[in-house]
Amino acid sequence: MDFQKVIAVATRRGIFQPAYEAYGGLAGFMDYGPVGVRMRRRILEVWRKHYVIDAGCLELDGALIGPESLFQASGHLGEFDDALVDCKNCGKQFRADHLVKNGEEMSRKELSNAITETNCPGCSEELSEMSSFNLMFSTGVGAGKGAPGYLRPETAQSIFLAFPWLLRQNRGKLPMAGAQIGRSFRNEISPRQGPLRMREFTQMEVEHFFLPTDEPKLSNELRKITINLLAANGNETNSTVGEAFDSGGISSSLVACHLARAQHFLITIGVPVNKLRFRQHGSNEMAHYSSDCWDGEINTSLGWIETVGVAHRGDYDLSAHGNASSKEFRVAVPGTEKEIEVWMPDVGKLGKEFKGDAKIILEAIKDIDLEPGVSVNVNGKSIELSAEYMSLKTERRSEMVYPNVVEPSFGLDRILYCLLESSWKSDGEREWISLPQETSPYDLLVAPLMTKDGLDEKAQEILKSAVNVGIDAYYDEAGSIGRRYARADEIGIFFSMTIDHQTLEDGTVTLRERDSKNQKRISIENAINKVRR
RNA sequence: GCGGGUGUAGUGUAGCCUGGUAUCACUCAAGGUUGCCAAUCUUGGAACCCGGGUUCAAAUCCCGGCACCCGCACCA
């Protein structure tokens with residue numbers, strides 16, 4: 001199925017549509033309808049099962065709007081805030097800092113001046129005024145103009161900031177992973193292709209923290225998972241994750257773990273294994289902080305679509321926040337705890353002797369190793385501190401280090417699109433969505449063969465008992481039974497249960513399986529047990 | 001953001017050149033009939049992307065905007 005067809009089916013069957021259509025539409029925003037919301041919830045359920053329940057990630061739901069200082073530290077204000085110019089003649093657009101020598105180190109003003117003396121690299125004509133483009137949506141927090149704030153461009157930062165908090169919840173133990181499902185916002189220059197490039201989108205992200213000296217090993221279970229890899233050097237391989245790691249194709253054991261997990265998750269929700277590959281970023285494509293990065297890509301009618309990224313981010317984020325904020329983001333390296341003797345200043349004596357200058361002295365010795373005879377500069381005078389102003393104390397200290405992090409990051413909207421395209425089946429007679437039950441929008445269609453002789457009442461009764469045990473059921477009594485099967489198939493309802501006259505006599509129903517169309521006559525109780533997930 | 005194309009019921013479309021009550025199919029709803037894979041009959045609902053201009057009259061011609069598609073650029 002191609003892109004246009006997916007969009008048409010999605011609109012017709014209540015999966016998604018462009019948002020704000022009544023007002024002419026707004027590019028980059030989508031609304032999900034009744035069926036789409038169910039599919040999203042189901043995919044998220046599987047994701048949570050994989051990462052939160054099974055892998056034991058600590059789940060977080062962070063705030064959407066963040067202060068300017070956060071995005072300065074994370075690098076988003078610098079990196080995302082591009083100065084653009086375009087050519088007045090040929091209309092081509094460029095990043096201003098790429099056109100000027102040393103442009104990346106210039107201030108906005110310097111850059112603006114330099115640009116007026118620069119011409120279009122394409123046609124040598126005059127360039128337009130420089131305009132600023134920030135990929136983040138900005139807003140004001142509080143009354144009046146308010147303090148500047150931004151909608152988060154990724155969910156990851158919430159987890160990084162929550163790291164010390166989460167670590168306490170984990171009673172200080174590493175490795176530890178935080179997980180988050182949530183919306184992110186990017187003011188894309190040209191959003192295209194509906195759910196594939198949105199300005200508001202849903203991410204599922206994991207930040208897996210570990211000591212650089214103690215990277216989690218690849219478990220035997222994950223080793224066995226088979227995976228398609230496309231290395232940065234162009235080599236394509238199909239092997240187990242274990243083999244790929246042993247041969248050095250994947251350099252980090254935790255990256256290998258997460259490639260395996262991502263593969264397993266995508267297969268579980270219904271992505272065909274032959275349409276899935278993991279492509280390694282080349283060094284020029286990689287973000288500046290990343291040492292190894294793989295994109296999980298799904299093959300569609302539009303080519304390979306990136307739906308997952310697994311990146312080794314080193315300690316870039318935690319050290320950035322550690323340096324810029326007032327919080328400690330480092331952890332003690334176990335086993336490095338040592339007793340050491342340190343000289344501590346005797347504040348009382350210093351105060352009595354130096355009065356007002358004591359404050360300056362304390363400030364000056366804060367960042368140096370204190371020892372007898374050290375001299376400090378006070379108002380231009382050098383003062384030597386003898387042992388009487390300090391005492392030797394024994395302390396236990398550990399080596400402190402920023403944990404490293406491996407981040408698998410999933411784009412829900414893209415995954416949903418790819419699933420729709422790959423699970424769309426057609427055999428000439430009927431068209432249906434062939435998703436596994438886990439991600440089908442409904443478990444069961446309940447349909448009375450006729451709406452008379454009490455069949456509909458019986459069906460309603462069965463519907464109620466199915467819903468009571470957690471089955472997501474859809475009731476339909478309109479039109480011929482064939483038409484109802486077809487309607488159910490098109491939104492991917494996994495089972496259909498038909499109630500006929502025999503049901504009233506012996507309590508059996510026919511249970512139909514969507515993909516095979518096979519029907520079995522079984523008792524109501526057995527049918528419900530079979531449908532139950 | 002640039003260039004090209006497109007915009008008509010829920011979906012897919014005809015009509016646009018050459019201005020004059022908007023076509024067809026499916027879908028949807030109600031009723032009849034039928035009763036296990038989109039059967040059938042009757043009836044009904046539902047659209048010219050938005051704004052301005054030209055004209056007696058605009059889906060149709062012109063201008064602007066918005067959205068979508070393709071290409072370029074952008075996509076830490």
Heavy-atom contacts, protein to nucleotides 34-43 of chain B, under 4.0 Å, summarised as B (base), S (sugar-phosphate only) or - (none) per nt, yield -BBBBB----
Only one of A:Arg13, A:Arg487, A:Lys5 passes salt bridge (Lys or Arg N to Asp or Glu O under 4.0 Å) with A:Glu431, and that residue is A:Lys5
From the list A:Lys517, A:Arg514, A:Arg512, salt bridge (Lys or Arg N to Asp or Glu O under 4.0 Å) with A:Asp489 holds only for A:Arg512
Between A:Glu461 and A:Lys458, is there a salt bridge with N-O shorter than 4.0 Å?
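The answer is yes: the pair qualifies as a salt bridge.
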>> Tell me whether A:Arg277 is salt-bridged to A:Asp295, with the criterion being a basic N under 4.0 Å from an acidic carboxylate O.
In response: no
Decide if atom [atom1] of [X] counts as having more than 12 heavy atoms of other residues, nucleotides or ligands within a radius under 6.0 Å.
X        : atom1 : value
A:Arg41  : CZ    : no
A:Tyr474 : OH    : no
A:Glu525 : CD    : no
A:Tyr20  : OH    : no
A:Arg12  : CZ    : yes

Span that lies between the [atom1] atom of [M] and that of [N], in whole angstrom:
N     : M     : atom1 : value
B:U6  : B:U13 : C1'   : 14 Å
B:G71 : B:G52 : P     : 35 Å
B:C28 : B:A39 : P     : 9 Å
B:C50 : B:A38 : C1'   : 37 Å
B:G64 : B:C70 : C1'   : 23 Å
B:G19 : B:C24 : P     : 23 Å
B:A46 : B:U27 : C1'   : 11 Å
B:C41 : B:U33 : C1'   : 8 Å

For [N], give the paired nucleotide (Watson-Crick: N1-N3 plus N6-O4 or O6-N4; G-U: N1-O2 and O6-N3; both under 3.5 Å), or none.
N     : answer
B:C37 : none
B:C26 : B:G10
B:G19 : none
B:C68 : B:G5
B:A57 : none

Between A:Ala8 and A:Ala478, whichever has its closest RNA chain B nucleotide further toward 5' is A:Ala8
Table of protein N/O atoms under 3.5 Å from nucleotides 66-69 of chain B N/O atoms:
unit_1 : atom_1 : unit_2   : atom_2 : d
B:C66  : O2'    : A:Gly24  : O      : 2.8
B:A67  : O4'    : A:Gly24  : O      : 3.1
B:C69  : OP1    : A:Gln193 : N      : 3.2

Whole Å only: how far is the [atom1] atom of [X] from the [atom2] atom of [N]?
X        : N     : atom1 : atom2 : value
A:Tyr20  : B:G65 : OH    : P     : 23 Å
A:Leu135 : B:C74 : CG    : C1'   : 9 Å
A:Asp295 : B:C75 : CG    : P     : 15 Å
A:Phe16  : B:G10 : CZ    : P     : 18 Å

- Polar side chain donor-acceptor pair, A:Trp432 to A:Asp515, under 3.5 angstrom: yes
